[in-house]
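Since the structure comes first, as structure tokens, the remarks are kept for the end.
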Amino acid sequence: MNYSENSKDFFQLVYQVCREIPYGRATSYGTIAKYLGSGRSSRMVGWAMNNAHQQNPPVPAHRVVNRNGQLTGKMHFANPMEMETLLKMEGITVEKDQITNFKKVFWDPSIELDLEA
DNA sequence: CGATTGACACCAA
DNA sequence: ATTGGTGCCAATC
């Protein structure tokens, strides 16, 4: 598929960025929103995630958390506990639904995302 | 078309 | 530091 269809939908853009999140990393809604140029439209990112489950390929929404590194959307997963499990499985420390080493696993698309020049 | 919602973020008290 | 309220943008009812 043409990845150049970035002007398709705001959602698709969010999904793509989420899929680009490397293993063992996580980012926040605001960061993604900002990367997309929306800045404070962090809510839209979460809104987009609502459909993430019906996207194909599926979006690793478990790597997307709020600015606090808190798993706010884990309840939206088929199995809430799966979100924590996935994060822990990737080496991310999760305690009380919050990423303790969020600062370490934090991933910034505008920095580490290589869009193949 | 108008009002409400939403997996957030930021500012003020 | 913690809690509460407001702001943003788009989608859904």
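Since we're looking at a predicted model, the values are computed, not measured. Throughout, protein chains are lettered first and strands after them, A, B, ... in sequence-line order, and every chain is numbered starting at 1.
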Determine the contact category for [X]: base if any of its heavy atoms lies under 4.0 Å from a base atom, sugar-phosphate if only primed atoms, P, OP1 or OP2 are that close, otherwise nothing.
X	result
Arg67(A)	sugar-phosphate
Phe77(A)	base
Ser42(A)	base
His53(A)	base
Ala61(A)	base
Asn50(A)	base

What does dT3(C) pair with, Watson-Crick or G-U, if both distances are under 3.5 Å? dA12(B)
Across all strands shown, which nucleotide pairs with dT12(C) by Watson-Crick or G-U wobble geometry, both distances under 3.5 Å? dA3(B)
Measure [atom1]/[X] against [atom2]/[N] and give the value in whole Å, please.
X	N	atom1	atom2	value
Asn66(A)	dC8(C)	CG	C1'	17 Å
Leu71(A)	dC8(B)	CG	C1'	14 Å
Leu36(A)	dA9(B)	CG	P	14 Å
Ile32(A)	dA10(C)	CD1	P	17 Å
Asp97(A)	dA7(B)	CG	P	15 Å
Gln70(A)	dA9(B)	CD	C1'	14 Å
Ile99(A)	dC8(B)	CD1	P	14 Å
Asn51(A)	dA10(C)	CG	P	16 Å

Within the distance-only criterion (no hydrogens, no angle test), does the side chain of [X] pair as donor or acceptor with the backbone N or O of [Y] below 3.5 angstrom?
X	Y	answer
Asn79(A)	Met81(A)	no
Thr100(A)	Thr93(A)	yes
Glu90(A)	Gly24(A)	yes
Tyr35(A)	Asp108(A)	no

DNA chain C nearest-nucleotide lookup for Arg43(A) and Trp47(A): closer to the 5′ end is Arg43(A)
More than 12 heavy atoms of other groups within 6.0 Å of Arg25(A) CZ: yes
Among dA7(B), dA11(C), dA9(B), which is the nearest nucleotide to the side chain of Met49(A)? dA7(B)
